[in-house]
Every structure is written in structure tokens, then in C-alpha cells.
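Below is one structure, written out as C-alpha cells; comments come after it.
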Amino acid sequence: GEHARFIVDQLVGAQRDEWMCRVEYSQPGAYLDHERMLHAIVPLDVVRPNLLEAVRLLSQASVPVRWSHPCGFPPCCLHGEPELIHWELRQDYGQAIADRGFAAPCGECAARPHCVGLRPEYLSAHGERGLEPFSSVPVSGP
């Protein structure tokens with residue numbers, strides 16, 4: 001939230017369109033030290049309120065924001081506000097998410113065709129923690 005507030009308060013203005021394409025939030029990629037990475041991965045239920053606040057603030061300020069992409073987060077991170085989710089199809093990411101997997105709660109999730117999945121490191125570190133399956137997916141999103 002603080003990051004998004006800084007962008008809105010300090011960087012958004014009349015000249016925004018000249019230099020800002022969008023804000024992207026992502027998860028860390030592979031570390032050289034696998035054990036260190038496992039300890040650094042933040043559980044989705046801890047990320048969720050912060051990511052939700054940031055996406056909400058940026059969207060309200062008409063700042064393009066992308067958080068669900070090959071290096072991003074699964075849609076359930078914004079479970080509370082599905083209208084903020086860009087419902088892209090998983091198949092459109094191709095090999096970029098080939099290493100991503102799913103946990104048991106994902107099996108019944110209506111958003112699975114739109115989900116980038118979970119990094120194997122996340123599943124090793126936190127398993128099913130923070131996953132919140134959707135019972136339905138809105139017909140349209142932003």
C-alpha cells in the first residue's frame with residue numbers, strides 16, 4: 001500500500017503518460033541459494049492485503065497495474081475484489097509458467113484456467129497456505 005501511495009502521491013500527474021507504462025508487482029524468481037529463497041518467500045495470505053490495497057489504490061488513480069503474469073501472483077491474491085482482476089488465460093503464458101503447479105484447493109477453483117499457478121518453491125515453503133479458491137469467475141474484468 002505504501003508503494004502505491006508513493007506512486008499516486010508523488011509520481012502521478014499531468015506528465016504520467018509520457019514516462020509511466022504501468023506498475024508491475026511480482027514474486028522473486030529463483031535465488032542462487034535455494035534454502036535462502038525458501039525462507040524469503042512470503043505466504044499469500046500475508047501478501048494478499050498489501051497487494052489488494054496497492055492494486056486498489058493504483059486502479060482508482062487510473063495507473064495501469066499488473067500483478068498476475070508469469071512472475072506474478074495467482075488470482076486468489078485479490079479474491080476479495082475480483083473486479084480488479086484481469087482475467088487472462090493461463091494458456092497465453094506458454095512456457096513462461098511451465099514450472100508452476102497447483103495444490104489440492106486449486107482443483108475446484110473456478111479461476112484455474114486464468115491462474116499462473118504456484119512456483120514449486122512456494123509449494124515447498126508454504127504448501128496450501130493462503131490459497132482461496134473461487135467458486136465462480138466474473139464474466140468480465142478490467
Side-chain angles (χ1 to χ4, degrees), residues 1-13 16-142:
E2 290 179 35
H3 179 259
R5 243 184 309 290
F6 171 81
I7 291 170
V8 170
D9 294 345
Q10 302 296 320
L11 304 178
V12 172
R16 179 195 81 194
D17 292 334
E18 294 178 21
W19 56 268
M20 184 172 21
C21 179
R22 69 176 167 240
V23 174
E24 290 202 16
Y25 291 111
S26 62
Q27 299 183 60
Y31 282 26
L32 292 176
D33 182 340
H34 183 74
E35 286 303 312
R36 182 179 236 177
M37 182 177 182
L38 291 178
H39 293 291
I41 297 172
V42 179
L44 295 178
D45 56 322
V46 174
V47 170
R48 181 177 290 117
N50 299 301
L51 184 62
L52 186 57
E53 180 182 9
V55 171
R56 187 183 309 116
L57 287 168
L58 292 168
S59 295
Q60 289 170 351
S62 298
V63 174
V65 58
R66 190 168 181 229
W67 54 271
S68 182
H69 49 85
C71 294
F73 299 90
C76 61
C77 276
L78 264 62
H79 194 281
E81 297 189 36
E83 67 278 2
L84 294 175
I85 299 173
H86 293 275
W87 295 101
E88 299 176 41
L89 290 172
R90 174 181 174 78
Q91 68 190 26
D92 294 342
Y93 295 120
Q95 287 298 91
I97 58 172
D99 67 332
R100 299 285 186 106
F102 294 100
C106 305
E108 298 176 19
C109 182
R112 187 168 171 157
H114 306 278
C115 186
V116 295
L118 300 160
R119 293 182 186 275
E121 296 86 358
Y122 183 88
L123 292 168
S124 294
H126 301 294
E128 298 177 1
R129 181 175 174 180
L131 298 177
E132 193 171 341
F134 284 86
S135 57
S136 65
V137 172
V139 174
S140 64

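Given the structure is predicted, the values throughout are model-derived calculations rather than measurements.
N50 and V46 get closest at one heavy-atom pair: ND2-O, 3.1 Å. Considering every non-hydrogen atom in both P82 and W87, the closest pair reads O-NE1, 3.6 Å. The heavy-atom pair separating Y25 from A54 by the smallest distance is OH-CB, 3.7 Å.
Q60 CD to L84 CG: the interatomic distance, rounded to the nearest 0.5 Å, is 8.0 Å. Annotation: the span from L51 atom CG to R56 atom CZ amounts to 10.5 Å, rounded to 0.5 Å. For the atom pair I97 CD1 and R90 CZ, the distance stands at 4.0 Å (nearest 0.5 Å). Atom CD of E81 sits about 11.0 Å away from atom CD of E53, to the nearest 0.5 Å.
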Determine all donor-acceptor pairs shorter than 3.5 Å in which one atom belongs to a side chain in residues 99-117; sequence neighbours excluded.
unit_1: R100; atom_1: NH1; unit_2: G117; atom_2: O; d: 3.0
unit_1: R100; atom_1: NH2; unit_2: P70; atom_2: O; d: 2.4
unit_1: H114; atom_1: ND1; unit_2: E88; atom_2: O; d: 3.2

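In this structure, the side chains of I85 and F134 come closer than 4.5 Å at one or more pairs of heavy atoms. At a threshold of 4.5 Å between non-hydrogen side-chain atoms, the residues L44 and H126 do not count as touching. Using a 4.5 Å heavy-atom cutoff, the side chains of P74 and Q27 are in contact. In this structure, the side chains of R119 and C71 come closer than 4.5 Å at one or more pairs of heavy atoms. Contact annotation: the side chain of W67 never approaches that of L58 to less than 4.5 Å [non-hydrogen atoms, C-beta and beyond].
With hydrogens and angles disregarded, no donor-acceptor distance shorter than 3.5 Å links the side chain of S26 to the backbone of G72. H79 places no side-chain N or O within 3.5 Å of a backbone atom of R48 that could act as its donor or acceptor partner.
Of the candidates V23, L57, V65, I7 forms a side chain to side chain contact (heavy atoms under 4.5 Å, CB included) with just one, namely V23.
Taking the six-membered ring for Trp, Y93 and H69 have ring centres at least 6.0 Å apart.
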